[in-house]
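Data first, discussion second: the structure below is written as structure tokens.
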Number of protein chains: 2
Amino acid sequence: MSPTDGPSPAPPATRMPVTRRPIERIKAMIAEGRLRPGDRLPTERDLAHEFEVSRSSMREAVRTLTTLGVLEVRHGAGVYVSSLRPADLLETFSVLAEISQGDTLIEVLQVRRMLEPAATALAAARATDAQLERVGAILDRISSGGGGRETVAADLTFHQAIVQITGNATLAAINDGLSSRTFNARVWRGHCADGQAARLRQDHERIYQALLARDPDAARAAATMHVMEVERWLRADLESGSPDRAEAG
Amino acid sequence: MSPTDGPSPAPPATRMPVTRRPIERIKAMIAEGRLRPGDRLPTERDLAHEFEVSRSSMREAVRTLTTLGVLEVRHGAGVYVSSLRPADLLETFSVLAEISQGDTLIEVLQVRRMLEPAATALAAARATDAQLERVGAILDRISSGGGGRETVAADLTFHQAIVQITGNATLAAINDGLSSRTFNARVWRGHCADGQAARLRQDHERIYQALLARDPDAARAAATMHVMEVERWLRADLESGSPDRAEAG
DNA sequence: CGCGTCGATTGGTCTGATCAGTTCGGTGCT
DNA sequence: AGCACCGAACTGATCAGACCAATCGACGCG
């Protein structure tokens with residue numbers, strides 16, 4: 001409002017776009033705890049008036065914060081602060097695996113090679129019987145799938161379930177983002193074509209056995225082997241085949 | 001509009017919001033390689049006409065894709081496909097460290113505990129003399145800073161430079177996202193208050209020595225120790241102090 | 001008391017105008 | 001000819017106001 005508005009007295013800021021002001025203000029209010037998860041914000045019209053911008057600009061600000069996973073809009077009901085859980089804030093992550101090609105996919109796998117072994121080891125140390133049972137059930141679903149999209153989905157679920165056991169939601173969200181559906185679909189198709197589906201199945205079995213034994217070292221090793229196997233295949237695929245193709249549906 | 005508009009003509013898709021169509025179409029075009037990094041898109045007005053939406057909706061779509069790091073807008077010049085490098089696509093990541101509180105901060109550090117040791121080990125194996133020299137220079141800047149915001153910035157740069165040596169841009173982008181300025185500022189304030197700045201300095205020195213020796217194992221161990229030290233302090237801070245406070249600029 | 005209807009609230013979309021940077025070609029001076 | 005300057009055309013940024021669509025709650029009927 002007044003020129004003495006800010007805690008930062010010097011507003012030397014290069015005149016920022018109008019739309020950005022509401023974004024920063026709202027983000028700050030959340031960071032400071034003045035807005036808490038689930039809180040309802042004023043209507044877009046009121047917000048626009050409060051921040052002295054048009055409704056269009058306010059809408060763009062809200063949309064930005066929605067994309068970032070900070071806000072949540074319900075048509076006809078209002079704008080709310082999201083749960084602010086990592087899964088919300090990291091949803092945007094998936095675009096990386098969604099549109100990345102070539103080298104970046106290799107990089108993604110290298111990161112997974114750092115995360116999944118550590119996560120699997122942690123899971124081995126913490127897993128409850130019920131959690132292990134669930135993982136086992138998913139494993140069955142992979143085998144019985146026969147290579148279709150169900151198998152791909154089950155494969156994803158398998159790894160997600162393991163990471164979830166660690167109890168670290170941030171880790172789980174990051175790992176989810178690094179594993180996209182289309183990405184895994186390519187790997188499975190490649191393996192099936194090469195007749196190496198058995199190899200993947202063996203990897204999964206080893207990981208599962210390590211979890212059952214609650215052996216972190218074995219779990220780490222098994223997970224490392226698995227990711228490396230996928231990475232090895234992807235490298236071969238990128239060299240030989242078309243690096244830009246993506247699978248539909 | 002017309003009565004034949006239809007409950008669902010053929011596409012089973014649950015009628016998606018109008019704004020979403022351009023988003024998905026453009027994302028698909030990029031994933032398929034029909035739009036490449038740096039390509040210029042038609043004007044917002046033309047795009048709106050092409051996708052049969054109003055310009056407002058088209059703008060919201062563009063803004064969403066901009067927030068995701070897929071597009072880039074230059075006022076007066078046009079809309080362009082971003083470089084699609086991981087650093088672009090993962091920029092949104094920082095909001096996590098920016099507004100997370102309490103438990104999530106611990107989770108973030110746990111993830112860093114998985115990534116930084118592996119990254120530092122990799123860096124030790126790959127670093128060139130020039131890269132090591134740069135890291136050494138940054139280290140000097142931390143020591144000479146005296147605990148001010150310059151020191152904090154140098155601390156961040158130190159870790160970023162190391163991760164950058166791995167050559168994995170995706171890893172670097174993720175790690176950047178997990179290390180926020182305000183977060184590190186809190187840690188430094190805490191350590192200075194406790195008179196333990198020397199401890200951090202020692203950690204950094206150890207990491208640097210391991211890199212110089214090109215010893216991956218030592219680098220991994222040193223990095224692990226460092227992150228654990230930070231985690232230890234954070235845990236104490238969260239228990240004793242106010243868990244929601246954030247430092248300004 | 002239960003439930004459906006209808007109206008007020010609120011986000012979603014559209015239209016068209018105007019403001020603000022960018023780009024590029026023309027103009028005129030040297 | 002070469003170069004600096006300037007302005008018109010282009011393009012995104014912002015605004016204003018209207019109307020559509022989903023939601024929620026109060027009112028009234030059975």
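Here is the naming used below: chain letters follow the sequence lines, and residue numbers restart at 1 for every chain.
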When we call it a touch if two heavy atoms are under 4.0 Å apart, what does V79(A) touch: a base, just sugar-phosphate, or nothing?
sugar-phosphate

Residues from residues 63-73 of chain B lying under 4.0 Å of DNA chain C - heavy atoms:
none

Can you measure R74(A) atom CZ to dC24(D) atom C1' for me and round it to whole angstrom units?
12 Å

Whole angstrom value for the distance that separates P of dT13(C) from CD of E52(B):
15 Å

Residue pairs fulfilling side chain to side chain donor-acceptor pair (under 3.5 Å) with at least one residue in residues 73-90 of chain A, sequence neighbours excluded
S83(A)-D88(A)

Separation of S100(A) OG from L84(B) CG (nearest 0.5 Å)
8.0 Å

Report yes or no: does E32(B) contribute a side-chain atom to a donor-acceptor pair with the main-chain N or O of M29(B) at less than 3.5 Å?
no

Whole angstrom value for the distance that separates P of dC14(C) from CD of E44(B):
14 Å

Please confirm whether the backbone N or O of A153(B) pairs with a side-chain atom of T157(B), one donor and one acceptor, at under 3.5 Å?
yes

How many Å lie between CZ on R40(B) and C1' on dT22(C), as a whole number?
10 Å

Checking dT23(C), dC15(D), dG12(D) against the side chain of V18(A) (C-beta onward), the nearest is dC15(D)

Could you check whether any side-chain N or O of E116(B) sits under 3.5 Å from a backbone N or O of R113(B), counting only pairs where one atom can act as donor and the other as acceptor?
no

Distance-only donor-acceptor test, H75(B) side-chain atoms vs dG21(C) base atoms, 3.5 Å:
no

Are OP1 or OP2 of dA13(D) and a side-chain N or O of R59(B) less than 4.0 angstrom apart?
yes

Ignoring backbone atoms, test whether T43(A) places a side-chain nitrogen or oxygen under 4.0 Å from the OP1 or OP2 oxygen of dT9(C).
no

Quick one: M58(A) CE to dG11(C) C1', roughly how many Å, whole number?
13 Å

Only distances under 3.5 Å count here; give the side-chain donor-acceptor pairs of residues 162-175 of chain A to other protein atoms, sequence neighbours excluded, each with its distance to 0.1 Å.
unit_1: T166(A); atom_1: OG1; unit_2: V163(A); atom_2: O; d: 2.6
unit_1: T166(A); atom_1: OG1; unit_2: N168(A); atom_2: N; d: 3.2
unit_1: N168(A); atom_1: OD1; unit_2: T170(A); atom_2: N; d: 3.0
unit_1: N168(A); atom_1: OD1; unit_2: L171(A); atom_2: N; d: 2.9
unit_1: N168(A); atom_1: ND2; unit_2: E107(B); atom_2: O; d: 3.3
unit_1: N168(A); atom_1: ND2; unit_2: Q110(B); atom_2: OE1; d: 2.8
unit_1: T170(A); atom_1: OG1; unit_2: E107(B); atom_2: OE1; d: 2.7

Once side chain to side chain contact (heavy atoms under 4.5 Å, CB included) is applied, do any residues pair with V73(A), and if so which ones, sequence neighbours excluded?
V62(A), T66(A), V79(A)

Collect all protein-nucleotide pairs involving nucleotides 5-8 of chain D in which both atoms are nitrogen or oxygen and the distance is under 3.5 Å.
none

Measure the distance from CZ on R55(B) to C1' on dA17(C) and round it to the nearest whole Å.
11 Å

How far does CZ of R45(B) sit from CZ of R59(B), to the nearest 0.5 angstrom?
9.5 Å

Measure from the side-chain heavy atoms of T19(A) and tell me the nearest of dT10(C), dT23(C), dT14(D).
dT14(D)

5' precedence on DNA chain D between D46(B) and G76(A) (nearest-nucleotide basis)
D46(B)

F51(A): partners by ring-ring contact (aromatic ring centres under 6.0 Å, His included), with sequence neighbours left out
none

I'd like to know if the side chain of E44(B) reaches the main chain of M58(B), judged simply by a donor and an acceptor atom lying under 3.5 Å from each other, with no hydrogens or angles considered.
no

Counting only side-chain heavy atoms from C-beta out, which of dG12(D), dA16(D), dG11(C) sits nearest to S56(A)?
dA16(D)

Rounded to whole Å, CZ of R45(B) lies from C1' of dT15(C) at a distance of 13 Å

Euclidean distance, atom OH of residue Y80(B) to atom P of dT11(D) [Å, nearest integer]:
10 Å

